[in-house]
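Only a predicted model underlies this, so the values are computations on that prediction, with no experimental measurement involved.
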Amino acid sequence: MWCDNCLLIFPLRSGGIVLATFIFLYSLIGGILLFHYGPFLFFVYPEWEIYGGVALAVAVTAALNALALGTRSYVWSRACAILWPFLIVISAIRDIVMIVELERGKEKIAWECANGGQLWVPSVTAGYGSGNAPSAFCTAGFASLNTAFILSLLVDLVLQVRSE
């Protein structure tokens, strides 16, 4: 849980707090984005909600970690030390499944972009949502989006391992 001078910027405890706060912020934003735009990238109903739920669990644990380090609480620091290994394994599994599912759904994502960003028709008929995908999904292209997604998942996992 204590990192060895995280990012070589802050002292030991402060660096851990900054790293936990950074993990909290991007996990919270990622979880919210998955809940909101998940149906445009993943095509089986609870899939994006599970991924978003894991991201929010990581965010809550990171916030708890920052608070524990900030208040020098031994009990909460130990609780975080127990939670992080489980979350890291769950996040690693989630990352692998997300990458595989993105590869499996790339034709559907291409169809969504070719049709003005509208949601895949079977997803609409199943009641998964409606509306249009953000234009950035389609203008960047699937290869760029996929590469950025894979790199961000790997950075997420590395930072989680660092924070433990």
Side-chain angles (χ1 to χ4, degrees), residues 1 3 6-7 18-67 79-164:
M1 181 168 87
C3 69
C6 297
L7 305 176
V18 169
L19 183 60
T21 304
F22 181 66
I23 291 172
F24 166 74
L25 289 175
Y26 78 74
S27 292
L28 181 68
I29 292 168
I32 290 170
L33 287 175
L34 277 170
F35 279 121
H36 192 60
Y37 296 116
F40 293 103
L41 298 173
F42 304 103
F43 301 97
V44 179
Y45 166 61
E47 193 173 7
W48 61 88
E49 290 181 354
I50 293 170
Y51 303 151
V54 171
L56 292 181
V58 168
V60 167
T61 305
L64 183 62
N65 201 0
L67 290 172
C80 290
I82 292 170
L83 286 175
W84 274 121
F86 293 109
L87 281 176
I88 290 170
V89 170
I90 290 170
S91 291
I93 294 169
R94 174 200 64 171
D95 294 350
I96 292 168
V97 172
M98 285 176 85
I99 292 168
V100 168
E101 289 300 319
L102 273 177
E103 283 296 319
R104 282 182 52 200
K106 65 183 172 186
E107 293 86 16
K108 296 174 186 173
I109 295 170
W111 182 91
E112 289 175 342
C113 289
N115 290 294
Q118 69 181 353
L119 192 59
W120 177 248
V121 175
S123 297
V124 173
T125 57
Y128 297 163
S130 61
N132 291 334
S135 60
F137 282 172
C138 297
T139 56
F142 179 77
S144 302
L145 181 68
N146 194 28
T147 303
F149 204 78
I150 290 170
L151 288 176
S152 64
L153 288 173
L154 291 174
V155 168
D156 172 44
L157 196 59
V158 167
L159 288 176
Q160 285 181 36
V161 169
R162 267 306 272 171
S163 72
E164 191 220 348

Scanning both residues in full, the closest heavy-atom pair of T21 with A66 reads OG1-CB, 4.0 Å
Rounded to the nearest 0.5 Å, what separation is found between the CD atom of E101 and the CZ atom of F43? 10.0 Å
Side-chain touch L145/L41, heavy atoms, less than 4.5 angstrom: yes
For the CZ atom on F35, are there more than 12 heavy atoms of other groups (residues, nucleotides or ligands in this structure) within a distance under 6.0 Å? yes
From E103 CD over to I109 CD1, what is the distance, rounded to the nearest 0.5 angstrom? 9.0 Å
S91 side, atom OG; I96 side, atom CD1 - distance, nearest 0.5 Å: 11.0 Å
Roughly how far, to the nearest 0.5 Å, is CG of L151 from CG of N146? 9.5 Å
Looking only at heavy atoms, what is the nearest atom pair of C138 and G117, with distance? SG-CA, 4.5 Å
So, applying side-chain contact (heavy atoms from CB on, under 4.5 Å) with R94, which one of L157, D156, L87, I50 is it? D156
Shortest non-hydrogen separation from A20 to N65 and the atoms involved: CB-CB, 4.2 Å
Rounded distance [0.5 Å steps], OG1 in T61 versus CG in L56: 10.5 Å
S123 and its side-chain contact (heavy atoms from CB on, under 4.5 Å) partner, picked from Y45, Y128, F42: Y128
W48 and M98, any side-chain heavy atoms less than 4.5 Å apart: no
Less than 4.5 Å apart, any side-chain heavy atom of I88 and any of V161? yes
Nearest 0.5 Å, please: how far is CD1 in I23 from CG in L28? 13.5 Å
Over 60° means perpendicular and under 30° means parallel, so classify the ring planes of F40 and Y37, tilted if in between. tilted
Where F22 and L159 come nearest, the two heavy atoms and their spacing: CE2-CD1, 3.4 Å
Does V58 reach the side chain of Q160, with side-chain heavy atoms less than 4.5 Å apart? yes
